[in-house]
Chemist: 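So that we are looking at the same thing, I have put the structure below in structure tokens.
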Amino acid sequence: MAARNATLTAEAHDRRRLLMERSRPGRTGASLPASDVPEQPLPDASLLRDGLELPEVTEGEVVRYFTHLSQLNFSVDTHFYPLGSCTMKYNPRFNEAMAAVPGFASAHPAQPERQVQGAIEVMYRLQEYLREITGMAAASLAPLAGAQGELAGVLTIRAALDERGEGRRRKMLIPDTAHGTNPASAAMAGFYVVSIPSNAEGNIDLDALRKEADGELAGIMLTQPSTLGLFDRNAIEMCRIVHEAGGFVYGDGANMNALLGRVKLGHLGFDVVHLNLHKTFSTPHGGGGPGAGPICTNETLSPFLPGPVAIRRTLRGAQGEREAPMYGLELPPKSIGRIGGSAGNFGVLLRAFTYISLLGGQGMLDISGNAVLNANYLLVMLRELYDLPFDRRVMHEVVFSAKKRPGANALNVSKRLLDHGFHAPTMYFPLVVAEALMIEPTETESKETLDAFIEALTDIDAEAARDETFLANAPFDTPVSRLDETAAARHPQLRWRREG
Amino acid sequence: MAARNATLTAEAHDRRRLLMERSRPGRTGASLPASDVPEQPLPDASLLRDGLELPEVTEGEVVRYFTHLSQLNFSVDTHFYPLGSCTMKYNPRFNEAMAAVPGFASAHPAQPERQVQGAIEVMYRLQEYLREITGMAAASLAPLAGAQGELAGVLTIRAALDERGEGRRRKMLIPDTAHGTNPASAAMAGFYVVSIPSNAEGNIDLDALRKEADGELAGIMLTQPSTLGLFDRNAIEMCRIVHEAGGFVYGDGANMNALLGRVKLGHLGFDVVHLNLHKTFSTPHGGGGPGAGPICTNETLSPFLPGPVAIRRTLRGAQGEREAPMYGLELPPKSIGRIGGSAGNFGVLLRAFTYISLLGGQGMLDISGNAVLNANYLLVMLRELYDLPFDRRVMHEVVFSAKKRPGANALNVSKRLLDHGFHAPTMYFPLVVAEALMIEPTETESKETLDAFIEALTDIDAEAARDETFLANAPFDTPVSRLDETAAARHPQLRWRREG
Amino acid sequence: MPESPFVSPYIPNTDDDRASMLATIGVGSVEELFDDIPAEHRHPHLDIPAPRSEMDLRRELEALAERNFHAGAHPSFLGAGVYHHYCPAVVSPLVTRGEFLTSYTPYQPEVSQGTLQGTYEFQTLTAQLFGMEVSNAGMYDGASSLAEAALMACRITGRAKVAVVDTVNPHYAEVVRAYTGPQQIEVYAIAPDATELEPETACVLSQYPNFFGYVEDVAARSELAHRAGALHCVSCDPMAMAMFRAPGECGVDIATGEGQALGVPPSFGGPYVGIFTCRQEYLRQLPGRLVGRTVDTEGRTGYVLTLQPREQHIRREHATSNICTSTALIGLWAAAYTALMGKHGLPHVAGLCYQKAHYAAGRIAELPGYRLPIEGTFFQEFVVSCPKPAEEVSITLEEAGIIGGLDVSDRFENGMLLCVTEVNTKDEIDGLLNVLAGIK
Amino acid sequence: MPESPFVSPYIPNTDDDRASMLATIGVGSVEELFDDIPAEHRHPHLDIPAPRSEMDLRRELEALAERNFHAGAHPSFLGAGVYHHYCPAVVSPLVTRGEFLTSYTPYQPEVSQGTLQGTYEFQTLTAQLFGMEVSNAGMYDGASSLAEAALMACRITGRAKVAVVDTVNPHYAEVVRAYTGPQQIEVYAIAPDATELEPETACVLSQYPNFFGYVEDVAARSELAHRAGALHCVSCDPMAMAMFRAPGECGVDIATGEGQALGVPPSFGGPYVGIFTCRQEYLRQLPGRLVGRTVDTEGRTGYVLTLQPREQHIRREHATSNICTSTALIGLWAAAYTALMGKHGLPHVAGLCYQKAHYAAGRIAELPGYRLPIEGTFFQEFVVSCPKPAEEVSITLEEAGIIGGLDVSDRFENGMLLCVTEVNTKDEIDGLLNVLAGIK
Ligand SMILES: Cc1ncc(COP(=O)(O)O)c(C=O)c1O
Ligand SMILES: Cc1ncc(COP(=O)(O)O)c(C=O)c1O
């Protein structure tokens, strides 16, 4: 057995050699065209590169290497992936197929409007969908991920305040349950952050809020439903308080999967909201992006939206004159400006547009209904096993505290789940819950899968009950065991380097 | 540890549930269009189906299931796959991309010639390539795999004999090293088979051949290079003898990877040859097909080719008249007829055409040179470990006999190789070599991979030396261990059935 | 800039590798390795063009593809055995995963469970679709499946005559002749309404729906065959089987079919997959591969190739068929399509084909100069007698940007075999009607 | 036929499942689960159209795509920061394998080694391509990378002024302003030949080659910056770096870039990947993710996210950036492209771009009425002053089926920025010349 493992380790190591370690002088992975133009003189040699070190590998070697790498991953396509706050739902391949259609994939962002009417129409219609879903006045698809949406969103608030001559308002309130991007975005936008606690029911603490509602108040960033998986019942009152104090309300809509067709954030009083298309609208997460984080605003903030945004023109143009194209891309009048090289991650937008169009209005309700049903089912089935810090109905996800059983802390339970073929929940977030396990099943998982997951957690709990130390060494059956993160940070090795 | 395995086994089993076992009433995996025509009356109910049992599963479940299944496979994309006689080389994805181009993928085989000039041109040019590679007069792309090529090929021989009034000639000689399809095809073509031994050098035994060269002789089917991986040095003399006796020579060209640009079988005297596009020309094997097995014939046999075949017309057509299209599909004058519903596996043909076009003439030589180099390298490096029944230079593959070491027979060595991350060689074939291990590396594997493979075989040999019984239980690290094939055959379970 | 000498992107051996391997082998050059080839024939001139880059070649091939007048760009009403059905986008990326695409026949079951279990699914789904007891792992295509069915029936009955109903796809009938002729099996034609068979007939070969799209009385034909001690072999359209009575309920002994209809692209003729199903009792006479369920040494379920003693690699000239490489991947494609459509989707799609085809047929029959020469129930295809020769009609349709039906004027005066499936919108059908109405 | 009520193909819960789960939860309906929402706002009217089938929707989207006049069907000479390069067919099926596509940020490294090691390759290849010491795991795009570089330089130097050379992509300059403005950082423009910086300048931002395609003296600019105690941040075209001196050899402190040029499709603006590299000493000021190499408990090599205390999920408002979801998959795509091209292929492609662009530029300069207003060395882009306004030229080109260059008449009289890469054949270039020659 020892010999067996040794060999296999060597073999596994071999399969993971880096590209530069596989490189051999003279190999190539591409068939290259020859030049078909007369030879042109080269620039002065002093301008030219010498000594470019890149791999020399064949196409087949790249295929075998990347294919093997892929198999080391858990993914939605292979495993239940209940990573809370991330909405790891099934990503339809049809969306991918549409993004690969040549007329979209090879359209160039700097082409004149008249040449890209099809692409801009997609953007325009997606803006309309998102406005309808959020109940807002306008939308911008420019933000390239949720965090950039937040930044852009709070920048519209800042711009509106500045326009009103209220440049002194620089205080941004952020609940203690918020995702880390919220305070980071607020800081990037030049706000200072004041944290607001949650109350015993997990809603925002209105008393604490009232205390901060002063002349420095720029606004508040509230996640609805919150990262506790709860619909914040104080949202309307919160909006009233903030508005009365002269501030704006930013809605982090990353968890919109729970609310599709159930409520429009605009109706509750939110002034600006971002959506994560790579969560709610099924565009694949890609191991950490790309995403898209469009924002929707009410009338007041709309002039400040980042851009360009898609607009629909009424056709003018007399005879003989060239007609203006129907759809256009324009910067809103007082835009906070461009936040990326082009008008958005079009390929991601197109996937989301495809998804919404296919499922339609009814499909939106199916999503939220089943997402919330699945989460509440897990809540009920797992409440014996773990502490439930806020004992009430949840929305799309449920946050437990794994404090009950010694030896079965959030980390150990998570690691052991991997052996059972389940990706771990989000752990140790939100920060207000000790030993947090944040579980988001999504609507695309079946009851059988949820039951198997419940069984696995029950088994793991029993393992810890039998032997308090057992889980500390999990996982046992993954391609690698626990990794030394301290060593990684102490002597960072961030790239291959030629040895010696 | 026991608990660990039990859980994992249950989990693994769960992931392998069959579609019908996953099925739940009311699920669906497709979004279906509604009817857009006025409702039509249905036929009499007695004609209609009731009780169709098919799965009810979502798209995401199908994705997770098939993705998991795929990961249970070894493949060229993931592992060295030295399966002798099968030429498991790298399959370029570019070929796949070209086969998916809509103008090809949605062309219908029953369209009139004038509508499918692009497709027929591809076929015509591929015929030209194959004629050039084999040195023959004509080609038919109709055969859908190698074995069907053999059948078609010997049917052309039969047709030629019948035309000559030599219907008594029904004896087909087949060397004892031949692939099983050769005798099976001969039998399907109504020949009776006489086996011819190989001589001590692994060439065909000319004396034995001469004894059979009588008035009943229809022909001989010779694999060149043979399944021993040897270039049969008696081929020219063999052709002379058979021709003199009034017979024809069929060349099994499945191993053409060795000879590309090195010799043309037509020059040696072969009358008809088949090629396996899914071997020599890199079209993927797909877990057992699809393939394509075109045949090429000399002048005498060409009129009998199966069809239709692609032809190139000289354009006629006076003014006003519609011109005949340039390319056409026609049955050769005395064709043995159609052997499939259409003119061939066009998608496979297109992939092979792409491959040959990309690599060009020089690429053909690169293939055979490196394929033969790699095989001879393995021969030299492994000759200490195993018996070499025919001790001479090989072509694209080398056949060893694993008789040397007790406990390390061909089966056990093969199974243990799987643990090392290498697919097994072809084992127990050709039949004339006891404990045969037939290793074909192909030109797309690197020296590093060959060296690792050699090392694995050396380790395995050492394992057997240490403990004669050890290998008998291999493999240890595959998704399943050795399977009970006897039970499978005794009580065949060939499909899912509802229990009870 | 200097021309870079061509280096194959698929071959890893470098000059250094080659030098060191040649040294190990003990020869001076790669050429020497080919010394067994007689010198006068060695290294002949090879007239194949120079290597091309992927980029250049793609350009050329895409241009060639656009020289086809194809259903990707034009409405098509052509069927005749190969059908345009909509295949969900998810099938291709799933089935063409490298592990499926680039593996071979599962000779080593321990590392081929993916292919084996996938094939087992294919066997299950096709058997259920046809209502038959067993299915094999797939044949080359629908035509060769029917031919192999005829051979199998001859083996089972020990007889050597095959009756082919004259409404069977004529290409299929040709393939049957090519396969059976060499074995001295006599093929004769019968009419659909034949009530007698010649003595010593091994089997009757039917098509369901028949080549002209119409549903024949399969059960009655089975009785006719069985009365004569013959088997009834029927080539069925798997899509139609989601709507019409299954062959298994109609006394059929061997039911074959073209699996292409299960979402496989037409690809100008292939690759497709032949479906081959039969009664349990004939199991050991089946051609082709079979996957069976079993257990491993630890009792875990697994799958293997089974009943191999029927096959060429073991029985050689005594095998039930010469088939070796078949069409496993297309079988997997068909299985994935069938699973996605499922119990409700497949009948729904079949229903759409029926509805649209009947809408089209009904409207065409009302056009002056047109009629439907066949009476009875059809599925998605039907023959139209046109006011002009079918070839002229086809050309007029082409000029209007439409791919017309098959010319069957050898059987019906000015006959065109039209096919309408779920991919044809009402707009497309109305466009067809419009052009037809203009032909007088 | 009855309309089948819409059932989502993506949702497995059946009516039975829902009933049993609701019973477990103890509520009567799914609607009840939303009781926390104030009744007056619950279940508003949602004006989104009815569900569509994949087949119908594909038809509509393909038609929309064809309303774009796109480089898949027409020669294009448009660049301006986004480039058409030929990407080998193998990249897409490999990178879009489900395990890469549908996983998330590798928070659980034990089951994310594929993504982690792939990202490590990206970090290696981009660092080597730019000749820089370290690279992060990728940013949103080239523009935001440069903006984050400016912020990082301000953090490092403790200064709050940014000099932007006026040959930087104007969109990038706008993004820099949007990012820096709120932090009270002052942005000012300088000319390429500026020899002085304002006091307290944190960094100079350059582009290489510059927006108009020309190569500036990067090393001299680095000296200018360093003399003033500022950093030099340069946005580089990674393709050009296969031909021209690397920023790492020109004293650059932070080198960013748009990774799109590494074989990523233009896709009307994204998704792309921002490259972000810098000197080792600034490591802990890097925005974005970093993957590091380490070992597991058994000593096996593995990869993890590292130096996370820079990031938002730990440091919240004190993080180096707010970036969370980035563009890992596009980074993987760029890495696969770069590996396939490799040491010889990438310079070869860069060489082709250079050759073809210079052929085109040379011939255009000879046309009456045309001239090249900029002197110096360019890579694959150059500005042409046309005899007519650039917009008119663009329309004439479009009528001839050609996608023209960018209108830069705000900077050069009748100026058009043309781009020629390896995908443009000589025939295409000659076609362009022909149309241009006709404009007088
Ligand atoms: C609640 C919440 N807000 C914001 C974000 C940030 O979105 P992104 O990762 O797309 O930047 C996330 C996700 O990571 C989130 O879960
Ligand atoms: C030497 C030889 N001949 C013939 C064949 C039959 O080819 P196919 O499997 O394509 O029918 C094979 C392969 O299996 C073979 O190796």
Side-chain angles (χ1 to χ4, degrees), chain B residues 29-30 36-37 40 43 54 66 69-70 72-77 101-103 105-107 109 115 118-119 144-145 147 180 183-185 187 189-190 193 231 261 263 267 284-291 337-338 341-342 345-347 360-361 369 377 446-447 478 480-481 483 488 493 495-496, chain C residues 12 17 21 30 36-37 41 46 48 50-51 64-65 67-69 71-72 94 97-99 101-105 110-111 113-115 124 140 143 174 178 182 265 267-271 292-294 296-297 302 306 312-313 316-317 319 322 324-329 340 343 345 358-359 377 426:
Chain B
D36 57 358
V37 297
Q40 307 293 315
L54 288 181
F66 275 71
L69 281 188
S70 78
L72 301 175
N73 269 3
F74 275 21
S75 64
V76 176
D77 272 11
V101 168
S106 61
Q115 294 183 354
L144 302 173
S185 300
V193 172
F231 184 85
V263 64
H267 293 180
H285 283 76
R338 290 182 172 269
S342 45
N345 271 345
F346 179 78
Y377 179 71
S446 67
K447 180 168 178 299
T478 47
V480 290
S481 60
L483 290 152
Q493 277 185 276
R495 53 176 287 203
W496 172 90
Chain C
D17 291 333
M21 292 162 85
V30 167
D36 277 349
I37 300 173
H41 296 304
L46 188 66
I48 290 192
L64 272 173
R67 294 200 50 211
N68 295 333
F69 181 78
L94 212 50
R97 280 175 59 84
E99 300 93 323
L101 190 72
T102 72
S103 57
Y104 199 23
T105 306
E110 298 87 349
V111 294
Q113 288 295 303
T115 293
T124 295
Y140 298 137
E174 282 184 52
S267 281
F268 197 55
R293 185 169 181 151
T294 187
D296 76 356
T297 54
T306 193
Q312 46 75 28
H313 62 288
R316 300 177 77 83
E317 61 267 33
N322 67 338
C324 175
T325 297
S326 184
T327 54
L329 195 76
L340 288 165
K343 188 185 177 89
H358 282 73
Y359 167 72
T377 298
K426 180 165 180 298

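Residue numbers start from 1 in every chain, and the chains themselves are labelled A, B, ... in the order their sequence lines are given, proteins ahead of strands.
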Chemist: Under a 4.5 Å heavy-atom cut-off, does chain B meet the side chain of C:Thr327, its backbone, both or neither?
Modeler: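 For C:Thr327, the contact with chain B is made by backbone and side chain together.
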Chemist: Counting only N and O atoms by type, is there a donor-acceptor contact under 3.5 Å from the side chain of B:Thr478 to the main-chain atoms of C:Val111?
Modeler: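 A pair under 3.5 Å: no.
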Chemist: Only counting residues at least two apart or in another chain, list the ones meeting ring-ring contact (aromatic ring centres under 6.0 Å, His included) with B:Phe231.
Modeler: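 Not a single residue meets the ring-ring contact (aromatic ring centres under 6.0 Å, His included) criterion with B:Phe231.
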Chemist: Quick check for you: among C:Ala71, C:Ala65, C:Pro265, which has the greatest number of heavy-atom pairs under 4.5 Å with chain B?
Modeler: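 Of the candidates given, the most pairs with chain B belong to C:Ala65.
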Chemist: Working to the nearest 0.5 Å, report the span between OG of B:Ser75 and CG of C:Leu101.
Modeler: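 Answer rounded to 0.5 Å: 9.0 Å.
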Chemist: With a 4.5 Å cut-off on heavy-atom pairs, point out which of C:Thr297, C:Thr102, C:Thr294 contacts chain B the most.
Modeler: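 Most heavy-atom pairs within the cutoff with chain B belong to C:Thr102.
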Chemist: Can you measure from CG (B:Leu54) to OG1 (C:Thr124) and round to the nearest 0.5 angstrom?
Modeler: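 Interatomic distance, B:Leu54 CG to C:Thr124 OG1, rounded to 0.5 Å: 11.0 Å.
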Chemist: What residues form a ring-ring contact (aromatic ring centres under 6.0 Å, His included) with C:Tyr359, not counting sequence neighbours?
Modeler: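 Not a single residue meets the ring-ring contact (aromatic ring centres under 6.0 Å, His included) criterion with C:Tyr359.
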Chemist: Give the minimum heavy-atom separation between B:Pro183 and C:Glu317, together with the two atoms involved.
Modeler: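 Closest approach of B:Pro183 to C:Glu317, heavy atoms only: CB-OE1, 3.3 Å.
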Chemist: Counting only non-hydrogen atoms closer than 4.5 Å, does C:Ser326 touch chain B with its backbone (N, CA, C, O), its side chain (CB onward), both, or neither?
Modeler: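 For C:Ser326, backbone and side chain are both near chain B.
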Chemist: Closest heavy-atom contact between C:Asn68 and B:Gly118?
Modeler: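 Heavy-atom minimum between the residues: OD1-N, 3.0 Å.
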Chemist: Of the listed residues (B:Gly286, B:Gly347, B:Ser342), which shares the most heavy-atom pairs with chain C below a 4.5 Å separation?
Modeler: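 With the most close heavy-atom pairs to chain C, the winner is B:Gly286.
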Chemist: Taking every non-hydrogen pair under 4.5 Å, which of C:Gly72, C:Gly302, C:Pro51, C:Gly345 racks up the most with chain B?
Modeler: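 That would be C:Pro51.
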Chemist: Report yes if the side chains of B:Leu69 and C:Gln113 come closer than 4.5 Å at any heavy-atom pair, otherwise no.
Modeler: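 Heavy-atom side-chain distance check fails, nothing below 4.5 Å.
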Chemist: With a 4.5 angstrom heavy-atom cut-off, could you sort out which part of C:Leu94 is near chain B: side chain, backbone, both or neither?
Modeler: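 The side chain, not the backbone.
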Chemist: Once rounded to the nearest 0.5 Å, what's the spacing between atom CG of B:Asn73 and atom OG1 of C:Thr115?
Modeler: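 One finds 3.5 Å between CG of B:Asn73 and OG1 of C:Thr115.
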Chemist: So what's closer than 4.5 Å to chain B heavy atoms on C:Ala178: side chain, backbone, both or neither?
Modeler: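 For C:Ala178, the contact with chain B is made by backbone and side chain together.
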Chemist: List the atom of B:Lys447, the atom of C:Asp17, and the distance in Å for their closest heavy-atom pair.
Modeler: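 What the structure gives for the nearest pair is CD-OD1, 4.1 Å.
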Chemist: Can you tell me how far apart CD (C:Glu99) and CZ (B:Phe66) are? Round to the nearest 0.5 Å.
Modeler: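 CZ of B:Phe66 is found 13.5 Å from CD of C:Glu99.
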Chemist: Checking B:Ser70 against C:Arg97 for the side-chain hydrogen bond (donor to acceptor under 3.5 Å, both in side chains) test, could you report, in this order, the C-alpha distance in whole Å, the side-chain angles of both residues, the deciding distance, and whether it holds?
Modeler: CA-CA 7 Å; B:Ser70 78; C:Arg97 280 175 59 84; 2.8 Å; yes
Chemist: Counting C-beta onward and ignoring hydrogens, is there a side-chain heavy-atom pair between C:Leu329 and B:Pro290 closer than 4.5 Å?
Modeler: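 Yes - at least one pair of side-chain heavy atoms lies under 4.5 Å apart.
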Chemist: If you count heavy-atom pairs within less than 4.5 Å of chain C, which of B:Ala30, B:Ala107, B:Ser446, B:Gly190 leads?
Modeler: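 Max contact count across the listed options: B:Ala107.
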Chemist: Taking all non-hydrogen atoms of both residues into account, name the closest pair between B:His285 and C:Ser103 and its distance.
Modeler: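 What the structure gives for the nearest pair is CB-O, 3.2 Å.
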Chemist: Identify which part of B:Val101 has an atom lying under 4.5 Å from any heavy atom of chain C, answering side chain, backbone, both or neither.
Modeler: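 Contact with chain C involves the side chain of B:Val101 alone.
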Chemist: Please find the pair of heavy atoms, one from C:Asp296 and one from B:Ser481, that lie closest to each other, and give the distance.
Modeler: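 It is OD2-N, 2.9 Å.
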Chemist: Chain B: which of C:Ala328, C:Ala319, C:Gly292, C:Ala143 shares the most heavy-atom pairs with it under 4.5 Å?
Modeler: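 Top option by heavy-atom pairs under 4.5 Å: C:Ala328.
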Chemist: B:Ala145 and C:Thr325: which non-hydrogen atoms are nearest, and at how many Å?
Modeler: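 Heavy atoms only, the tightest pair is CB-O, 3.5 Å.
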Chemist: Parallel, tilted or perpendicular for B:Phe346 and C:Phe268, by the 30°/60° rule?
Modeler: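 Aromatic pair B:Phe346/C:Phe268 classed perpendicular.
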